[in-house]
There are 2 protein chains.
Amino acid sequence: MEPTERLGKKRISESTIHRLSLYYRTLSMLEKENYETVSSKELAKREKLTPAQVRKDLSFFGTFGTRGLGYPVIELKKQIATILGIDRQWRVALVGVGNIGSALVSYKEFSRQDFHIVKLFDNDQRKIGSNHKGIVISDIKNLQTELQEAKIEIVIIAVPAAVAQYIVDDVVKANIKAILNFAPVNLKVPDDVYVRNENMSMELEYLSFAMVNEHPKKKLK
Amino acid sequence: MEPTERLGKKRISESTIHRLSLYYRTLSMLEKENYETVSSKELAKREKLTPAQVRKDLSFFGTFGTRGLGYPVIELKKQIATILGIDRQWRVALVGVGNIGSALVSYKEFSRQDFHIVKLFDNDQRKIGSNHKGIVISDIKNLQTELQEAKIEIVIIAVPAAVAQYIVDDVVKANIKAILNFAPVNLKVPDDVYVRNENMSMELEYLSFAMVNEHPKKKLK
DNA sequence: ATTATTTTGTGAAGCTTTTCACATAAGCCG
DNA sequence: CGGCTTATGTGAAAAGCTTCACAAAATAAT
Ligand SMILES: NC(=O)c1ccc[n+]([C@@H]2O[C@H](COP(=O)([O-])OP(=O)(O)OC[C@H]3O[C@@H](n4cnc5c(N)ncnc54)[C@H](O)[C@@H]3O)[C@@H](O)[C@H]2O)c1
Ligand SMILES: NC(=O)c1ccc[n+]([C@@H]2O[C@H](COP(=O)([O-])OP(=O)(O)OC[C@H]3O[C@@H](n4cnc5c(N)ncnc54)[C@H](O)[C@@H]3O)[C@@H](O)[C@H]2O)c1
């Protein structure tokens with residue numbers, strides 16, 4: 001009776017998952033450059049991390065390398081894709097086809113990575129029914145039913161902050177479990193719904209803070 | 001001789017600074033709602049944190065509250081603005097007036113927070129010289145000189161990943177110390193230049209990971 | 001076949017961040 | 001005015017994350 005190890009459900013830190021995304025990106029580049037293998041040292045250098053960090057991160061999920069040689073680029077990339085769940089297509093809907101919403105629809109990085117925006121919603125009569133990059137914009141009124149009919153799995157929120165919560169309430173009713181939110185509000189959702197916030201002011205404010213305080217960077221980096 | 005305490009230059013964690021941004025946002029809302037004071041408990045509840053966290057974060061910078069009462073909303077907001085350096089105007093330039101670049105120029109949250117985009121650059125002849133939201137788009141050729149003449153302090157990079165590093169090299173030559181980067185590449189800059197990356201794929205991939213792994217959330221949040 | 005070299009995988013140490021818990025202080029109320 | 005309530009500020013403990021350091025495994029070299 002070992003109560004220490006909860007099989008397969010130990011919490012992986014947010015930082016580790018974010019770094020997996022970085023490794024994935026770097027491995028894609030290495031693949032284009034025709035590398036067959038890569039060491040933790042090289043992988044670390046390309047994303048300004050430490051080799052130990054890279055190895056530790058990967059070790060949470062299995063053993064992928066060969067001692068003395070390094071990691072096989074194509075194989076590791078495939079493995080990370082499986083871990084991140086991006087070895088499949090995700091059906092994405094976007095609500096609010098305004099400035100940022102339109103930009104996101106055109107973002108090639110998303111589609112390249114198997115995030116497919118297949119539904120758009122807005123409440124502006126001039127936009128509803130019009131064709132935007134091959135997708136007809138739906139009326140927000142039908143949000144709940146259309147999300148379900150289209151089997152949407154991820155919803156991107158790009159509406160004004162003041163209405164974001166109302167829309168999210170409907171999104172949750174449609175049984176969506178993942179939300180990427182661009183509105184600068186803290187959305188209230190049930191415990192089983194994942195929300196990630198994209199907050200650009202926060203990053204600008206970090207720069208501002210760093211400049212006025214001559215904030216020392218973390219060593220190594 | 002106490003080598004332990006480096007006066008006034010102790011490193012504040014990135015998380016603390018990000019939370020200060022959240023507090024600032026919440027305080028702005030509380031101000032609109034005509035609250036005079038707010039407790040660490042209420043502040044924590046609104047951003048899904050713990051009261052102890054709020055108090056600890058603030059304690060790094062001074063004592064702002066009154067025991068038994070809480071924090072004065074307007075005063076604390078002002079103090080955080082000073083800490084973050086957003087009690088002044090920042091002159092911002094944006095390079096790459098494409099999908100995401102245009103969206104950012106229209107982003108009201110930036111201007112409300114005293115980040116003023118006053119210069120735009122592109123290399124597309126059709127865009128150069130045209131007026132975009134009241135700003136004439138400059139030729140990227142003149143980047144270095146115009147950044148200096150306009151006394152720009154922060155540069156936003158919104159160009160394709162393939163050219164981002166070249167542009168950043170010029171930005172660094174113009175003596176800019178802060179960069180907000182939207183291109184999915186790891187930019188190389190000298191040690192005294194701050195770079196923050198805005199990586200949206202990363203957040204989508206986090207959602208993807210969470211869903212395929214039924215990733216437990218951090219307790220409390 | 002033996003030795004040298006490289007680089008992984010991983011417990012353990014070290015460091016950072018968060019949470020706890022309580023002394024302390026201010027306001028309130030009878 | 002004194003006791004009761006509320007809520008801060010902060011050392012200390014706990015939890016979490018990163019780095020160290022080295023055994024182990026693989027290749028390469030002689
Ligand atoms: N513009 C940016 O660069 C930027 C950056 C980060 C975050 N944001 C945030 O993204 C959100 C949108 O910003 P924007 O600049 O694109 O604004 P916008 O006004 O250009 O776009 C908002 C869109 O939402 C639609 N909308 C409004 N109410 C709606 C409703 N009830 N149901 C459905 N659709 C509705 C509008 O018709 C419009 O198309 C805001 O919360 C903003 O803070 C914007
Ligand atoms: N579209 C999005 O929602 C989105 C989201 C996140 C990140 N990004 C990233 O932002 C960047 C821009 O994406 P986009 O979708 O806006 O692309 P885009 O092609 O619409 O815009 C790029 C702009 O940069 C200009 N440009 C190209 N080369 C240049 C150069 N050498 N000097 C100056 N200007 C130059 C182009 O003329 C264009 O106006 C990319 O790196 C992309 O990965 C985009």
Original post:
So B:I100 and A:Y107, side-chain contact (heavy atoms from CB on, under 4.5 Å) or not? Walk me through it.
Top reply: CA-CA 8 Å; B:I100 190 78; A:Y107 191 26; over 6 Å; no
**OP:** For B:R196 and A:E205, run salt bridge (Lys or Arg N to Asp or Glu O under 4.0 Å): C-alpha distance rounded to whole Å, both residues' side-chain angles, the deciding distance at 0.1 Å, then the answer.
**Re:** CA-CA 10 Å; B:R196 302 294 302 177; A:E205 286 166 13; over 6 Å; no
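Using modelled atom types, one finds no donor on one side chain facing an acceptor on the other under 3.5 Å when comparing A:S201 with B:E109. Side-chain N/O atoms of A:Q79 and A:E75 include a donor and acceptor closer than 3.5 Å. Remark: the A:T26 side chain and the A:R46 side chain contain no N/O donor-acceptor pair separated by less than 3.5 Å.
Between the CD1 atom of A:I12 and the C1' atom of D:dT18 there is a distance of 15 Å, rounded to whole Å. We find that CG of A:L58 is positioned 16 Å from C1' of D:dC17, with the value rounded to whole Å. Here C:dT8 presents its P atom at 11 Å from CG of A:L76, a figure rounded to the nearest Å. Spacing between atom NZ of B:K41 and atom P of D:dT6 amounts to 9 Å, rounded to whole angstrom units. Straight-line distance from the CG atom of A:L49 to the P atom of D:dT19: 9 Å, rounded to whole Å. Per the geometry, CZ belonging to B:R11 stands 14 Å off C1' belonging to D:dT18, to the nearest Å. If you measure from atom CZ of A:F61 to atom C1' of C:dG9, you get 15 Å, rounded to the nearest angstrom. In this structure, A:E14 places its CD atom 11 Å from P of D:dT18, rounding to the nearest Å.
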Original post:
What string of B, S and - do you get for nucleotides 20-28 of chain D, 5' to 3', if B is base contact, S is sugar-phosphate-only contact and - is no contact with any protein heavy atom under 4.0 Å?
Top reply: BB-BBBS--
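A salt bridge between A:E31 and A:K77 is present, with a side-chain N of the basic residue lying under 4.0 Å from a carboxylate O of the acidic one.
Pairs passing the side chain to side chain donor-acceptor pair (under 3.5 Å) check and including a residue from residues 156-166 of chain B, sequence neighbours excluded, read B:Q165-B:D169. Among pairs with a residue in residues 23-61 of chain A, none fulfils ring pair (Phe, Tyr, Trp, His ring centres under 6.0 Å), at least two apart in sequence or across chains. Residue pairs meeting the salt bridge (charged side-chain N to carboxylate O under 4.0 Å, His left out) criterion with at least one member in residues 78-107 of chain A, sequence neighbours excluded, are A:R88-A:E153.
For D:dC17, the OP1/OP2 oxygens have no side-chain nitrogen or oxygen of A:Q53 closer than 4.0 Å. Side-chain N/O atoms of B:Y71 include none lying less than 4.0 angstrom from OP1 or OP2 on D:dT6.
Contact check of residues 77-84 of chain B against DNA chain D (heavy atom, cut-off under 4.0 Å) returns no residues at all. For DNA chain D, the residues of residues 16-40 of chain A within the heavy-atom distance limit of 4.0 Å (strictly under) are A:R19, sorted by number.
Looking at heavy atoms from C-beta onward, A:V172 lies in side-chain contact with A:P190 at the 4.5 angstrom threshold. Looking at A:L207 and B:L180, their side chains come closer than 4.5 Å, going by heavy atoms from C-beta outward.
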